[in-house]
Amino acid sequence: MDKHYDAKAAEAKWYSFWEENGCFHDEPGEGAPYSVVIPPPNVTGILHMGHALNQTIQDILVRWRRMQGKNTLWLPGTDHAGIATQNVVEKALKKEGKHRQDLGREKFLERVWQWKEQYGGTIVHQQRKLGNSTDWKRERFTFDEGCSKAVVKVFRQLFDEGLVYKGNYIVNWCPRCGTALANDEVEHEPNHGHFWYVRYPVVGSEKGVKGEPYADYVMVATTRPETLPGDTAVAVNPKDERYAHLLGKRVILPLTGREIPVIADDYVDREFGTGIVKITPAHDPNDFLVGKRHDLEQINIMNGDGTMNELAGEKYVGMGRFDCRKAIVADLEEGGYLDHIEDIDNQVGHCYRCHEVVESRLSKQWFVKMKPLAEPAIAAVKSGEVKFVPDRWSKIYFNWMENIQDWCISRQLWWGHRIPAYYIRGNASEEGAANSEQVFVAESAEEALEQAKKATGNAALTLADLEQDPDVLDTWFSSWLWPFSTLGWPEKTKDLDYYYPTSDLVTAQDIIFFWVARMMMAGIHFMGKAPFKNIVIHGIVRAADGSKMSKSKGNSLDPLELIEMYSADALRFSIALITSLDCDTKVNKEKFEIGRNFTTKIWNAARFLEMNTPQEGFSPIAGPLTADEKHILLATDKACRKISGILENYRIQDGALAVYDFFWTQICDWYVEYAKDAPDKNRAFAILRDVFFKALKLLHPYMPFVTEEVAHQLGYLKEGESIMREKFPEGYSEEEKAAWGLDEQVYDFVEKKREAITALRALRAEYKVAPAAFVNVTVATDDARAAAEAESLKKAMRAETVDFVPAGSDLAMPSKMTAFGTVYLSLEGLVDKAAEAKRIAGEIAKITGFIKSSEAKLANENFVSHAPEAIVAEAKRKLQENKEKVAQLEKLAKLFICLRNCLYEK
RNA sequence: GGGCUAUUAGCUCAGUUGGUUAGAGCGCUUCCUUGACAUGGAAGAGGUCAGUGGUUCGAAUCCACUAUAGCCCACCA
């Protein structure tokens, strides 16, 4: 083996080997499978730390289950990401000085597909670098033929069920992008704005002259005076006594002269502003709801591009909304309606894409009625059919699902699944086909034509008479079908039958609502079964200071760079080790050294084993084994059992820790050191060889590349074989354990022995005994097995002699008490430190403190009678031990005083 | 405003149903390089578990309140 591990070469070699040999591929078979669908990244995306974490967790689970022998499918793919992708292509067009309108819909879409073919594979290639064992033969795209078919089918079905409807609704609207935005696509930012206090004269009151107050008016505070022409009421709180007299009266809307009612609604906050609110149902979401409750007219005064229309008043037509604001304010002042202006700080929504100020706009959009879909999805989690891991996320899920709002699914984009709704040409209103009332929802234009013929009684209609709704569907409308559309639905495929419902869904907390909850609803509604059994939610990877990673902040780490620097295994292992499911993870570059160092350790340990492999090979493990040999076999057995149990519970981090500790501490630090000087080296190394392969297999889900490479280098596997096809170790059989004489007592005995060795090392360090010096050691113990360990102790302690005396022997030498026995270090002939006396006094004080607290505890009647026997016995034993320790230290103190005296005499 | 979560060593975090003197990694201190590995080895220092009160024989762990931080939802015209 080479002195250094070449991660890059190994990663490239093994990934293509696995892929070419179908190691990732699965076909329906016998028995319950393990299946997972990947959260599809945006096709425009590049791999970031969030993906690295998310996919590492999935790959660990997937590789582990596959090695357990289950049929295992991890299905990859990408999301067409409507707005994001369209934006990328529009930007490219802009460089050519073109706009999408210049190309027209068809040509533009061609361009997007071209872009997708050329660059869309970026993230998919990057994912391979991570070592993902995804079944690339089944890679899907939310906009591919099959997924698109599923989308149309679902839309049609929901429409027929009355769950999809077209409605007037206030949506967040970006005037620049010309599309509705989902709530999450709006970014609220602090804004320094103004409150304009405007007087609305009460009908019937005397009109004042220009510039003077009206005799009777209501004062309204608004941040958006340009919407004033759309007001259809003013509202007060029903409990507000100040304004009780106004109820039922009407006021005059300034500049228009229109009369509007004064209404009472709980929505109005008495404390805020003047306590009187103007109600503009077409331009504010809250006002919209108030308007619904009071049956108010909705006056839409704005065009889609943010300019004013004729309903705003002749004077303002064609003005931009902000120019119009200025004009209206000026006119209000002119007319004497403006009382005063106040500076305020508020929040204003911006488009997450182009940063334009978002407008609330009344428009016709398509919606999905969510309540009927949500109910069974809530029930599935309540009943335990589907579990959240960690469980606390179920609360958040319920909270959202129980207060669910209808889902606006139409987007005014071109890149996406076009809404399968058709209208008779010419019926469309000015705002486009979406406003036509006569709509035919069908899976094809031909089918829609049949419907139209039937509905109109006009058999002469042709396809040319129909036009399709121009809008496309929200991207989530395809991703919510992901767990079954990717398996072939609506066709009844073998895959669908075998792999659905999937086993685990692994994702970050930020898309529980947008994606997870909706998949639950779609899965139950269309498949009759929830789409997965467990929803594993992990945190977000954050920068070292706890802030979110973002390119613009420059605080993001690039997983590909980390792979380049430390290797994919290092990235995977480190991230698994430092991430707990329960909270976000803060990372910096240095953290990934953990994994890099561990990789090096594995490589070097493998080299050591290789160097010690006899030419003729190892003989089978037989004969009476030494305690250390039994111990490592038991430790291996424990590790195997422990790790599967840990992974069953998704404790990825604990698993990483366990396997790290097993390999580094148990194998490298202790067993390898033992094996170097073992009485029967061939047997010791035969055991090491066996244990080592098990360790590699345990490690494989975390570190696929180095484990595969080492397994081949050491000859565990022949060419053409893969560690991926090995069985995940389950520990040794009862027969093996019996044959080798493995039992817990031996394990504990070796643990104790190690304690003695550590104690001696500590004594050497404390008394500054040169590392190379041979020392004389005495151990006071009654353990009958001790004598057999004299040789191994001598080596581990670098001792000239190791003598045993009965426990309780009282020697005047520096000592440490251990579970094995009291270890004494003879200082004769070695450097001494007179100042030790002081240190010992400190130690005596410390232990005396413990003794006092133990004595107090044992004197406590309540403790003795209530606590379990074992606890009481343990307390007594500890007390006794501490007492002995103090006695020993006191003796030692005397010795040091004596030594010091001797020194002084010199 | 409503909800959720966190607060344990200098830093990042474990701590399973309450049970001896609270752990790991990194960092720090001391020592060790012809030895598989200095990307290493040995030893060590460092914590009144955010605070207060309660339940209990016993609390980092359970309960209440307080403080601080973070996240989500709804957002004030």
Side-chain angles (χ1 to χ4, degrees), chain A residues 1 3-5 183 188 195 220-224 227 234-235 267-269 271-280 284-287 290 344 346-347 349 392-393 395-396 399-400 403 509-510 512-513 539-540 542 544 546 566 570 574 577-580 582-588 590-591 593-612 649 651 653-654 657 660-661 668-669 672-673 676 758 761-766 768 770-772 846-847 849-850 853-854 857 860-868 870-879 881-882:
Chain A
M1 286 173 75
K3 181 142 201 216
H4 295 286
Y5 168 55
N183 282 333
H188 291 271
F195 249 157
V220 169
T222 178
T223 56
R224 307 201 43 213
T227 64
V234 296
Y267 154 69
V268 181
D269 181 349
E271 310 301 323
F272 196 83
T274 61
I276 306 180
V277 191
K278 73 190 203 58
I279 300 298
T280 322
D284 181 278
N286 286 307
D287 293 7
V290 174
I344 54 145
N346 59 356
Q347 300 258 318
R392 64 189 167 90
W393 293 107
K395 283 187 213 163
I396 289 165
N399 190 37
W400 189 72
N403 297 296
Q509 64 214 37
D510 52 350
I512 293 179
F513 305 143
I540 293 168
R542 294 176 174 278
Y566 299 127
S574 304
L577 188 71
I578 63 182
T579 300
S580 135
D582 294 315
C583 53
D584 292 353
T585 304
K586 293 179 203 164
V587 298
N588 55 34
E590 289 68 44
K591 290 231 169 127
E593 290 175 7
I594 301 171
R596 191 266 319 261
N597 295 353
F598 191 31
T599 311
T600 307
K601 189 75 182 176
I602 294 166
W603 186 256
N604 281 311
R607 286 178 63 217
F608 174 73
L609 180 53
E610 190 200 35
M611 287 172 194
N612 286 282
N649 291 304
R651 315 259 329 170
Q653 182 183 38
D654 289 352
L657 249 158
Y660 182 85
D661 178 70
C668 295
D669 288 349
V672 161
E673 292 304 317
K676 282 174 180 170
T758 303
R761 286 175 186 163
L763 285 170
R764 290 179 77 121
E766 276 171 41
K768 307 259 186 256
K846 193 174 157 193
I847 296 172
F850 294 146
S853 95
S854 304
K857 189 188 269 181
N860 184 338
E861 188 58 32
N862 280 324
F863 173 72
V864 178
S865 55
H866 285 85
I871 299 290
V872 177
E874 185 60 24
K876 283 182 181 162
R877 196 190 65 75
K878 200 77 195 174
L879 174 63
E881 195 178 299
N882 279 332

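Remember, it's a predicted structure, so these values are computed and weren't measured experimentally.
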Could you list the residues that satisfy side-chain contact (heavy atoms from CB on, under 4.5 Å) with [X], not counting sequence neighbours?
X      : answer
A:F513 : A:I396, A:W400
A:V268 : A:A235, A:N237, A:V277
A:N649 : A:R651
A:K395 : none

Minimum-distance pair of heavy atoms, taken over all atoms of A:D287 and A:K278:
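Looks like OD2-O, 3.3 Å.
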Mind listing the closest non-hydrogen atom pair of A:W393 and A:Q509 along with its distance?
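Minimum heavy-atom separation between A:W393 and A:Q509: CH2-CB, 3.5 Å.
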Would you say [X]'s side chain and [Y]'s backbone share a donor-acceptor pair under 3.5 angstrom?
X      : Y      : value
A:D284 : A:T280 : no
A:S574 : A:G595 : yes
A:R764 : A:A770 : yes
A:D654 : A:L657 : no

Taking [M] as the reference, what is the distance to [N] when you measure between their [atom1] atoms (whole Å, please)?
N      : M      : atom1 : value
B:rA64 : B:rU16 : C1'   : 25 Å
B:rA60 : B:rU52 : C1'   : 16 Å
B:rC57 : B:rU66 : P     : 28 Å
B:rU61 : B:rA22 : P     : 14 Å
B:rA14 : B:rG3  : P     : 26 Å
B:rG10 : B:rU5  : C1'   : 25 Å
B:rC28 : B:rG47 : C1'   : 16 Å
B:rG18 : B:rC62 : P     : 8 Å

When you check every protein heavy atom under 4.0 Å of nucleotides 27-35 of chain B, what one-letter string (B, S, -) results, 5' to 3'?
----SS---
A correct 5'-to-3' footprint of nucleotides 38-44 of chain B, with B, S and - meaning base, sugar-phosphate only and no protein heavy atom under 4.0 Å, is -BSSSSS
Could you spell out the base pairing of RNA chain B in dot-bracket, with Watson-Crick or G-U pairs whose two distances are under 3.5 Å, [ ] crossing and | to another strand?
(((((((..((((.....[...)))).(((((.......))))).....(((((..]....))))))))))))....
Name the pairs: protein N/O against N/O of nucleotides 2-10 of chain B, kept only if under 3.5 Å.
unit_1: B:rU5; atom_1: OP1; unit_2: A:K395; atom_2: NZ; d: 3.4

Atom pair distance, as rounded to whole Å: [atom1] in [X] and [atom2] in [N]:
X      : N      : atom1 : atom2 : result
A:D510 : B:rG70 : CG    : C1'   : 15 Å
A:N649 : B:rU17 : CG    : C1'   : 14 Å
A:I578 : B:rA14 : CD1   : C1'   : 14 Å
A:D654 : B:rG25 : CG    : P     : 15 Å
A:Y267 : B:rA74 : OH    : C1'   : 12 Å
A:L657 : B:rG15 : CG    : C1'   : 12 Å
A:I276 : B:rA77 : CD1   : C1'   : 12 Å
A:I512 : B:rC71 : CD1   : P     : 16 Å

Output the distance between atom CD1 (A:I279) and atom OG1 (A:T227), rounded to the nearest 0.5 Å.
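Result: 10.5 Å between the selected atoms.
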By nearest nucleotide on RNA chain B, pick out whichever of A:W603 and A:Q509 is the more 5' one.
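Result of the comparison: A:W603.
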Can you list everything that forms a side-chain hydrogen bond (donor to acceptor under 3.5 Å, both in side chains) with A:N604? Sequence neighbours excluded, please.
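Scan of A:N604 (side-chain hydrogen bond (donor to acceptor under 3.5 Å, both in side chains), adjacent residues dropped) gives A:R607.
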Among all residues two or more places apart in sequence or in another chain, which pass the side-chain hydrogen bond (donor to acceptor under 3.5 Å, both in side chains) test with A:T274?
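A:T274 satisfies side-chain hydrogen bond (donor to acceptor under 3.5 Å, both in side chains) with no residue once adjacent residues are dropped.
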Sugar-phosphate, base or nothing in reach of [X], heavy atoms under 4.0 Å:
X      : answer
A:V220 : nothing
A:I594 : sugar-phosphate
A:R651 : sugar-phosphate
A:N286 : sugar-phosphate
A:E590 : nothing

Against the six-membered ring of A:Y660, is A:K601 placed for a cation-pi contact (under 6.0 Å from the centre, within 45° of the normal)?
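The answer is no; the distance or angle limit is not met.
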Under the salt bridge (charged side-chain N to carboxylate O under 4.0 Å, His left out) rule, collect the residues that match up with A:R224, sequence neighbours excluded.
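Per chain and number, A:R224 pairs via salt bridge (charged side-chain N to carboxylate O under 4.0 Å, His left out) with A:E226, A:E359.
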Looking at residues at least two apart in the chain, or sitting in another chain, which of them share a salt bridge (charged side-chain N to carboxylate O under 4.0 Å, His left out) with A:E590?
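None.
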